[in-house]
Student: 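Can you read through this structure? Questions will come right after.
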There are 2 protein chains.
Amino acid sequence: MNIATDTRSRIIAAAKPRFHSRSYANVGIQEICESAGVQKGSFYHFFPSKRDLVMAVIDEFADEWANGFVAEAFDPALPPMERIDYLIDAAYFWQKSIKQVHGRMLGCIFGNLTLEVSTQDDILRAKLLAIFSRAKSRFKETLEQAAAAGSIAPLDADLTAEAMLAYLEGVILLAKSQNDPEVLYRLGPAIKTLRIEATAG
Amino acid sequence: MNIATDTRSRIIAAAKPRFHSRSYANVGIQEICESAGVQKGSFYHFFPSKRDLVMAVIDEFADEWANGFVAEAFDPALPPMERIDYLIDAAYFWQKSIKQVHGRMLGCIFGNLTLEVSTQDDILRAKLLAIFSRAKSRFKETLEQAAAAGSIAPLDADLTAEAMLAYLEGVILLAKSQNDPEVLYRLGPAIKTLRIEATAG
DNA sequence: CTTGCATTTAACCGGTCGGTCAACTAGCAT
DNA sequence: ATGCTAGTTGACCGACCGGTTAAATGCAAG
């Protein structure tokens, strides 16, 4: 059991940085197997297809975030709007450290995969959509609490949360196009200026 | 000469919708040649490499936009901030019509390619960066004129322009993840709420 | 000691990848 | 008529693609 689990997790560990730094299509199963020291047949014992592997990778990234930066940022002890500052900071420092190690801004793997595969694979698109949906909920809760506390004017929390998520993804995209995490530092804080008013009624 | 030009443009015409609707890696030269009714050797007479083809495709999309929606939106006759409304509208209707014809939200080819290739090909990244840079300039001019006309409070036009471009790309990304152009309609107008203040001095 | 299952091995599948090559054709200028 | 060049043809290259297969393991429960 343990060895088996080990093989499976070695495969995922080999796949993660590759999918993050390149693209879904550009990373082959053969390469992943060689890097993980696993035979191809063994790979297909654990993963029915390449798609299933990338879904496992998505889950790992999502867990990593949810239990790491995101948990820290959305700490209920922080004033609501400061959580958003914290999240932007965390994204900035993360991308910066990746660039220092890797030489490249890799961006957000969820955004990367979304633009690459979502026209070609509805199952993967649904998976990524669920990730974004959860992220949006975090923003939404925060905005609701901020409005309740009176630290921001009332607004449409649902739409504004979605707008903020969009902005974050867009800033990361632009930063990647410049291979420069400083874009996140410059543009990130403006996320709090985004507002969508609540419709009457 | 004419026939030659025709072959070249048939290749580009075949490649454009494919790169837009799938991805760089997922579209093969063979498929493009078959669709264009061109032999592979003939392809390589006109394009030294696949990268050169996609650069030509990028140029065509950029020209199309610059002479189409963008030229209409950034009409000096319009009040500055209305130009931005117009651009968002144009992006929305464009994506909507694509979805009606194609069944899919294809998003922005520049954003798509940026996230797919910019860690792997600095020449393509530079090409895409130049496109974004021009787009940012359009926003910047508009913001400067709006500020000069007093229709918005003074701000850092350069940074706010970059933020707006990021937001637009982010909204398109999220819309693509939902395969739903209505996201553009819901979130797009909030682009005008983005503000980055000018630093003192 | 044996049965049975999870795991591993390595060869193998048809197909596609980006790119090359040498021979050939057509049109134009000398 | 001849030579040059732009363009075209179709076969060919080695490498890799995602995925399959059958036989060999290791291991644990009966």
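Convention: sequence-line order gives letters A, B, ...; per-chain numbering from 1.
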Student: On DNA chain D, check which nucleotide each of Y24(A) and G41(A) is closest to and give me the residue with the more 5' one.
Tutor: Y24(A)
Student: Grab the CD1-P distance between I11(B) and dG7(D) for me, whole Å please.
Tutor: 11 Å
Student: Pick the nucleotide of DNA chain D nearest each of Q30(A) and Q39(B); which residue has the one closer to the 5' end?
Tutor: Q39(B)
Student: Tell me, do K99(B) and L106(B) make a side-chain contact under 4.5 Å, heavy atoms counted?
Tutor: no
Student: Do the charged groups of D6(A) and R10(A) touch, with an N to O distance under 4.0 Å?
Tutor: yes
Student: K40(B) NZ to dG18(C) P: how many Å, rounded?
Tutor: 7 Å
Student: Just wondering, are more than 12 heavy atoms of other shown residues or ligands nearer than 6.0 Å to OH in Y185(A)?
Tutor: no
Student: At less than 4.0 Å, is any side-chain N or O atom of H45(B) found next to OP1 or OP2 of dG7(D)? Yes or no.
Tutor: yes
Student: Within 45° of the six-membered ring axis of Y24(B) and under 6.0 Å from that ring's centre, is NZ or CZ of K50(B) located there?
Tutor: yes
Student: Send over the distance from I29(B) CD1 to dC17(C) P, rounded to a whole Å.
Tutor: 9 Å
Student: Which of these nucleotides, dT7(C), dT20(D), dT8(D), is closest to any side-chain atom of F46(A)?
Tutor: dT7(C)
Student: Of all the choices, dG19(C), dG19(D), dT9(D), which nucleotide is nearest to the side chain of S42(B) once you look at every atom?
Tutor: dT9(D)
Student: Rounded to whole angstrom units, what separation is found between the CG atom of D6(A) and the P atom of dA6(C)?
Tutor: 19 Å
Student: Does T7(B) make a side-chain N or O approach to OP1 or OP2 of dT8(D) shorter than 4.0 Å?
Tutor: yes
Student: Nearest whole Å is fine: how far is dT20(D) C1' from F43(A) CZ?
Tutor: 14 Å
Student: How many whole angstroms separate atom CG of N26(B) from atom P of dC17(C)?
Tutor: 9 Å
Student: Rounded to whole Å, how long is the line connecting atom CD of E34(B) with atom P of dT9(D)?
Tutor: 14 Å
Student: Just to confirm, is there a sub-4.0 Å distance from OP1 or OP2 of dT20(C) to any side-chain nitrogen or oxygen of Y44(B)?
Tutor: no
Student: Nearest whole angstrom, please: distance from the P of dT20(D) to the CZ of F47(A).
Tutor: 15 Å
Student: Inspect the surroundings of CZ in F74(B) and state if more than 12 heavy atoms from other residues, nucleotides or ligands are less than 6.0 Å away.
Tutor: yes
